[in-house]
Amino acid sequence: MSSLIDSLKAEHTNIGRILAEVDQLGVDSEAGRMALLKAKKGLLAHIKHEDDNLYPLLLKEAETDPILADAMEFFNTDIEHVATVAMGFFEKYEAGDVNNSYRNDFAELIHVLTQRIKKEESVIYKMYLQLEM
C-alpha cells in the first residue's frame with residue numbers, strides 16, 4: 001500500500017480518537033475544548049494533505065476518465081456537506097457553550113465523518129492506488 005494512503009488512514013484514526021476524547025471530556029470543560037480545537041486542526045490538516053497529495057493525480061486522470069470524473073464530482077459535493085457540518089459544529093461549540101442540541105449535533109458530526117471516511121477508504125483511496133501502480 002502507498003505510504004500516502006497509510007498516512008491518510010492513520011489521520012482518520014487519529015481524528016476519530018480525538019473526537020472520542022472530546023465526547024468523553026465534554027466541550028464544557030477546558031480539556032474538552034482543547035481536544036475539540038485539536039480535532040478541528042487535525043481535520044483541516046487532513047483535508048489539506050488530501051488536497052495537496054491525493055486529489056491532484058485523481059483530478060488529472062479524471063480529465064480523460066468519465067467514471068473517475070463522476071466520482072470526483074460526487075466526492076467534491078460530499079466534502080462540501082461534510083465541511084459545512086464539521087465547521088458548523090466546531091464554531092458552535094468551541095467556546096464551550098453546550099445546549100440541548102449538542103448530543104444531536106455531535107452524533108451528526110460523527111455520522112458524516114464516519115460515512116466520508118468509509119467512502120474515501122473504499123472508493124477514492126482504491127482508485128488512487130490503481131493509478132499509482
Side-chain angles (χ1 to χ4, degrees):
M1 186 172 294
S2 157
S3 62
L4 173 61
I5 299 303
D6 287 342
S7 176
L8 293 171
K9 285 183 174 184
E11 290 171 7
H12 285 162
T13 300
N14 190 49
I15 291 165
R17 183 188 56 74
I18 297 168
L19 286 170
E21 186 178 333
V22 169
D23 191 34
Q24 178 187 19
L25 295 169
V27 295
D28 54 344
S29 72
E30 182 65 25
R33 281 191 300 283
M34 299 311 310
L36 184 65
L37 291 173
K38 186 176 179 182
K40 179 180 178 182
K41 287 179 185 177
L43 182 59
L44 292 172
H46 174 74
I47 292 169
K48 182 172 179 6
H49 191 189
E50 287 179 335
D51 287 349
D52 292 348
N53 298 288
L54 178 75
Y55 288 111
L57 174 63
L58 291 167
L59 291 170
K60 182 177 183 331
E61 290 297 320
E63 292 172 4
T64 58
D65 182 337
I67 293 171
L68 184 56
D70 286 346
M72 298 306 334
E73 184 176 329
F74 168 81
F75 274 85
N76 186 49
T77 301
D78 185 59
I79 195 61
E80 289 174 9
H81 172 68
V82 171
T84 298
V85 170
M87 292 305 115
F89 180 86
F90 293 133
E91 289 172 17
K92 187 173 182 178
Y93 295 107
E94 63 190 1
D97 299 328
V98 177
N99 59 40
N100 291 339
S101 63
Y102 174 76
R103 292 284 345 115
N104 288 338
D105 292 344
F106 189 79
E108 180 183 18
L109 172 68
I110 296 301
H111 176 74
V112 298
L113 289 176
T114 300
Q115 293 304 308
R116 176 63 184 206
I117 288 168
K118 286 179 183 176
K119 291 174 202 170
E120 283 181 351
E121 291 184 1
S122 66
V123 177
I124 291 296
Y125 291 3
K126 286 183 180 180
M127 289 178 160
Y128 177 87
L129 290 170
Q130 289 175 345
L131 293 174
E132 193 180 52
M133 296 167 123

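In what follows, residues are counted from 1 in the order of the sequence shown. Any value given below was found using the heavy atoms of this structure, including those in side chains, with hydrogens, waters and symmetry copies removed.
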Set of salt bridge (Lys or Arg N to Asp or Glu O under 4.0 Å) partners for Glu30, sequence neighbours left out: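 Residues passing salt bridge (Lys or Arg N to Asp or Glu O under 4.0 Å) with Glu30: Arg33.
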For Glu73, salt bridge (Lys or Arg N to Asp or Glu O under 4.0 Å) partners two or more places apart: none
For [X], what residues pass the side chain to side chain donor-acceptor pair (under 3.5 Å) criterion, not counting sequence neighbours?
X      : answer
Asp23  : Arg103
Gln24  : none
Asn100 : none

[atom1]-[atom2] distance between [X] and [Y], expressed to the nearest 0.5 angstrom:
X      : Y      : atom1 : atom2 : answer
Arg17  : Leu19  : CZ    : CG    : 10.0 Å
Lys38  : Ile18  : NZ    : CD1   : 5.0 Å
Leu109 : Asn104 : CG    : CG    : 12.5 Å
Tyr102 : Asp28  : OH    : CG    : 8.0 Å
Lys40  : Glu91  : NZ    : CD    : 6.0 Å
Leu131 : Glu61  : CG    : CD    : 5.0 Å

Asn99 and Tyr93: CA distance, side-chain angles, deciding distance, side-chain hydrogen bond (donor to acceptor under 3.5 Å, both in side chains) verdict: CA-CA 9 Å; Asn99 59 40; Tyr93 295 107; 3.2 Å; yes
Considering all heavy atoms, the nearest Ser2-Leu129 contact: CB-CD2, 3.5 Å
Non-hydrogen atoms of Ala62 and Ala69 that approach each other most closely: O-CB, 3.5 Å
Can you name the residues that form a side chain to side chain contact (heavy atoms under 4.5 Å, CB included) with [X], not counting sequence neighbours?
X      : value
Asn53  : Leu4, His49
Glu63  : none
Arg116 : Tyr55, Phe75, Asp78, Ile79, Val82, Glu120
Lys118 : Thr114, Gln115

With hydrophobic residues grouped by side-chain heavy-atom distances under 4.5 Å, do [X] and [Y] end up in a single group?
X      : Y      : answer
Val22  : Leu44  : yes
Ile47  : Leu8   : no
Ile117 : Phe106 : no
Ile15  : Val27  : yes
Leu25  : Ile110 : no

Pairwise salt bridge (charged side-chain N to carboxylate O under 4.0 Å, His left out) hits with a residue in residues 104-115, at least two apart: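 Residue pairs with at least one partner in residues 104-115: Lys92-Asp105.
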Contacts of type ring-ring contact (aromatic ring centres under 6.0 Å, His included), residue His46, not counting sequence neighbours: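 So His46 forms a ring-ring contact (aromatic ring centres under 6.0 Å, His included) with His12.
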Option from Gln130, Glu50, Lys9, Lys119 for which side chain to side chain donor-acceptor pair (under 3.5 Å) with Tyr125 holds: Glu50
Verdict with reasoning, Phe90 to Leu37, per side chain to side chain contact (heavy atoms under 4.5 Å, CB included): CA-CA 8 Å; Phe90 293 133; Leu37 291 173; over 6 Å; no
Exam field: side chain Ser7 to backbone Ser3, donor-acceptor pair closer than 3.5 Å: no
Ser29 (side chain) donor-acceptor with Gly32 (main chain) under 3.5 angstrom: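 Yes: the side chain of Ser29 pairs with the backbone of Gly32.
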Chi angles and distances behind the side chain to side chain contact (heavy atoms under 4.5 Å, CB included) call for Val123, Met127: CA-CA 6 Å; Val123 177; Met127 289 178 160; 4.2 Å; yes
Worked verdict on Leu113 versus Leu43 for side chain to side chain contact (heavy atoms under 4.5 Å, CB included): CA-CA 10 Å; Leu113 289 176; Leu43 182 59; 4.2 Å; yes
